[in-house]
Amino acid sequence: MSTRAGTAADDQFYREYILDHYKNPRNFGRLENPDISHEEDNPLCGDVIGMDFRVKDGVIEDIRFHGRGCAISQASASLLTERLKGLPLEDAKKIGKADVLGELGIDISPARIKCALLSLKVLKVGAYGLAGNDEDEE
Ligand code: FES
């Protein structure tokens, strides 16, 4: 799947950007007494990502993620938590696959799509009960 058009220099930039989020994940860890906590796995590899949310007055006041996975899955989770922090729940519900893939900035092969979207699955299935929005739709 192609998420954008870019040059080789762009690709290099985005690869380093992903590696930075992998090595220095933002919002990694656990929250004490979260309002919402949910984990999902990638059925293709068994890797797991979980998220803890603190919600106040309809806004995601704080968020952490935990678990294990490849660079794509960890970077995707790190980027998603950065985006979710401080966001009203109603806006968080509107985040979709194209947003998550676009944030990563590189072409994601079909074999890695579930890695890239694992954190979105945690958000959708766990926090919002949107399991009916199948992850393979666009
Ligand atoms: Fe397991 Fe990517 S290989 S999440």
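Every heavy atom of this structure was used, including side-chain atoms; hydrogens, water molecules and symmetry mates were not. Start at 1 and go down the list; that is how both ligands and their atoms are numbered.
Of the charged side-chain nitrogens involved, at least one lies within less than 4.0 Å of a carboxylate oxygen, so that Arg30 and Asp52 count as a salt-bridged pair. The pair Arg112-Asp107 does not meet the salt-bridge criterion, since no charged nitrogen lies less than 4.0 angstrom from a carboxylate oxygen.
Under the 4.5 Å side-chain heavy-atom criterion for grouping Ile, Leu, Val, Met, Phe, Trp and Tyr, Val122 is connected to Leu89 within one hydrophobic cluster.
Ring planes of Tyr14 and Tyr17: perpendicular class, angle over 60° (limits at 30 and 60°).
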Determine, stepwise, if the pair Ile95 / Leu87 fulfils side-chain contact (heavy atoms from CB on, under 4.5 Å). CA-CA 11 Å; Ile95 295 174; Leu87 202 66; 4.0 Å; yes
Are Ile106 and Ile72 close enough, and set up right, to give a side-chain contact (heavy atoms from CB on, under 4.5 Å), and what steps lead you there? CA-CA 10 Å; Ile106 59 168; Ile72 296 283; 4.1 Å; yes
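Less than 2.8 Å away from atom 2 (Fe) of ligand 1, the protein contributes these N/O/S atoms: Cys70 SG, Cys115 SG.
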